[in-house]
Amino acid sequence: MSVICRREKQMKIGVIGAGAVGSACLLSIVMGGCAREIVVLNRNRKRAIAVATDMQYGATLSSAVDIRDGDYPDLAGAALVMITAGVNEKTGGATDRSDPAGRLKLLDQNVDVYRQILPQLLRVAPEAVVLVVTDPPDPLADLVRMFGFERVLSSGTFLDSLRFRFHLARQLNVNPNYVDAQILGEHGTSQVFLWSSASLAGVPLSDALQRTDRSREELQRSIEHDVRYANIAIIEGNQASQFGIGIVSARIAEMVLRDERAVIPIGSYNTDYGVTISLPSIVGRKGVVQILEPQMSGEERQALARSADTLRNAVSRIQVGKVHA
């Protein structure tokens, strides 16, 4: 195979699921210009054709990219396959702020969806990095691993961390780019806010927040509520929360395709916790290259352990004996 052919295969992406989230991911990938070829799959082939065709016209203004609908054999050689298919939060009834299960309420339904997808995908693209976007992404990523995939990512808490940075920046009246703050653990209600290490251009957050009129405790409660339930607030006004995760998923794909070795909070299997969970990680061509363990307060570390327990309990609901059913 020529160097050019190898390079083009390394720039090939598959998107399984052309609903609201899948379409937003596709648009963000096209606008980002990181892929040379994108194959769109959907259970209803007519929708995949329509979405790909619509995108093709506008993509004339983007970097050169071949967008087409396809079937599983067309994913052969893909460097990364993004799975967005499944029941969303609104359809699955996961929009009750008082329900501690949150997105995990969708697990059983979406395990069934993934069991239809994964055997077909494994036959044609076993070496691909698989990015799980469907909710709940962390236990679904563990299901993908159970099927035999070795390079598996959950979109994890990357978007949650951006939301955290945004709300902090709004309180401080600064650009979010200069806020350093992370959320770890589950992409869900047990997520852990790392307040102890949050900073503004190196200035500890506790010092930076002294410039605001609200107490730290009040700010913390308000921001955690707005971030933890941001998806529900968006769904209440727009039926689906798709644009933020679309941008984030496209950025993760870019990190993989370009072997950036970027450092972000993202979900991958962690042997210490025995489950897929989000921690700061180096992301490159093969997915997560290295997991980093940040400094945490004792309270934050305990919260992360509880989040891991929540995810392990969720994964235990997946009947291993029926994984390949």
Check this for me: R43, atom CZ, are more than 12 non-hydrogen atoms of other residues, nucleotides or ligands nearer than 6.0 Å?
no

Answer with yes or no whether the side chains of E224 and W195 bring together a donor and an acceptor at under 3.5 Å.
yes

Atom OG in S249, atom CD1 in I83: separation rounded to 0.5 Å?
12.0 Å

Which heavy atom of Y178 sits nearest to which heavy atom of L200, and what is that distance?
O-CD1, 3.4 Å

Identify all side-chain donor-acceptor contacts of residues 233-247 below 3.5 Å with residues at least two apart in sequence or on another chain.
| from | atom 1 | to | atom 2 | distance (Å) |
| --- | --- | --- | --- | --- |
| E236 | OE1 | R97 | NH2 | 3.2 |
| E236 | OE2 | R97 | NH1 | 2.8 |

Are there more than 12 heavy atoms of other residues, nucleotides or ligands under 6.0 Å from atom CD of E299?
no

Non-neighbouring partners of D74 that pass side-chain contact (heavy atoms from CB on, under 4.5 Å), sequence neighbours left out:
V39, R68, D71

In the hydrophobic clustering that connects Ile, Leu, Val, Met, Phe, Trp and Tyr at side-chain heavy-atom distances below 4.5 Å, which members other than Y57 occupy its cluster, ordered by chain and number?
none

When V256 is tested against each of L131, I13, L153 for side-chain contact (heavy atoms from CB on, under 4.5 Å), which residue passes?
L153

Is atom CZ of R261 surrounded by more than 12 heavy atoms (other residues, nucleotides or ligands) closer than 6.0 Å?
no

Could you tell me which residues satisfy salt bridge (Lys or Arg N to Asp or Glu O under 4.0 Å) with D180, sequence neighbours excluded, listed by chain and number?
none

I'd like to check the side-chain hydrogen bond (donor to acceptor under 3.5 Å, both in side chains) partners of S297; sequence neighbours left out, ordered by chain and number.
E300

Return the CG to CG distance between L194 and L205, rounded to the nearest 0.5 Å.
12.0 Å

Hydrophobic clusters join Ile, Leu, Val, Met, Phe, Trp and Tyr when side-chain heavy atoms are under 4.5 Å apart, directly or via other members; which others share one with V263?
I282, V289, L292

Ignoring hydrogens and angles, tell me if any N or O in the side chain of S281 forms a donor-acceptor pair with the backbone of L279 under 3.5 Å.
yes

Taking all atoms of both residues into account, what is the closest heavy-atom pair of D69 and A52, and its distance?
N-CB, 3.8 Å

Residues at least two apart in sequence or cross-chain that pass side-chain contact (heavy atoms from CB on, under 4.5 Å) with P126, listed by chain then number, are L122

Just by distance, no angles: are the side chains of D138 and S154 close enough, under 3.5 Å, to form a donor-acceptor pair?
yes

Sequence-distant partners of D142, salt bridge (Lys or Arg N to Asp or Glu O under 4.0 Å), two or more places apart:
R145

Is the backbone N or O of A303 less than 3.5 Å from a side-chain atom of S307, with the two atoms forming a donor-acceptor pair by type?
no

Side-chain heavy atoms under 4.5 angstrom apart, residues restricted to Ile, Leu, Val, Met, Phe, Trp, Tyr: same cluster for V124 and L118?
yes

Just how far is it from atom OG1 of T95 to atom OH of Y229, taken to the nearest 0.5 Å?
12.5 Å

Taking atom CE of M296 as the centre, report whether more than 12 heavy atoms of other residues, nucleotides or ligands fall under 6.0 Å from it.
yes

For A48, does its backbone N or O pair with a side-chain atom of N42 as donor and acceptor, under 3.5 Å?
no

Is there a path of hydrophobic side-chain contacts, each under 4.5 Å between heavy atoms, that joins L106 and L143?
no

Residue set satisfying side-chain hydrogen bond (donor to acceptor under 3.5 Å, both in side chains) with N270, at least two apart, ordered chain then number -> none

Rounded to the nearest 0.5 Å, what separates atom CG in L140 from atom CE in M146?
10.0 Å

Listed partners of R312 passing salt bridge (Lys or Arg N to Asp or Glu O under 4.0 Å), at least two apart
D309

Check: G93 main-chain N/O paired with K105 side-chain donor or acceptor under 3.5 Å:
yes

Sequence neighbours excluded, which residues qualify as salt bridge (Lys or Arg N to Asp or Glu O under 4.0 Å) partners of E127?
none

Which residues pass the side-chain hydrogen bond (donor to acceptor under 3.5 Å, both in side chains) test with R301, not counting sequence neighbours?
E293

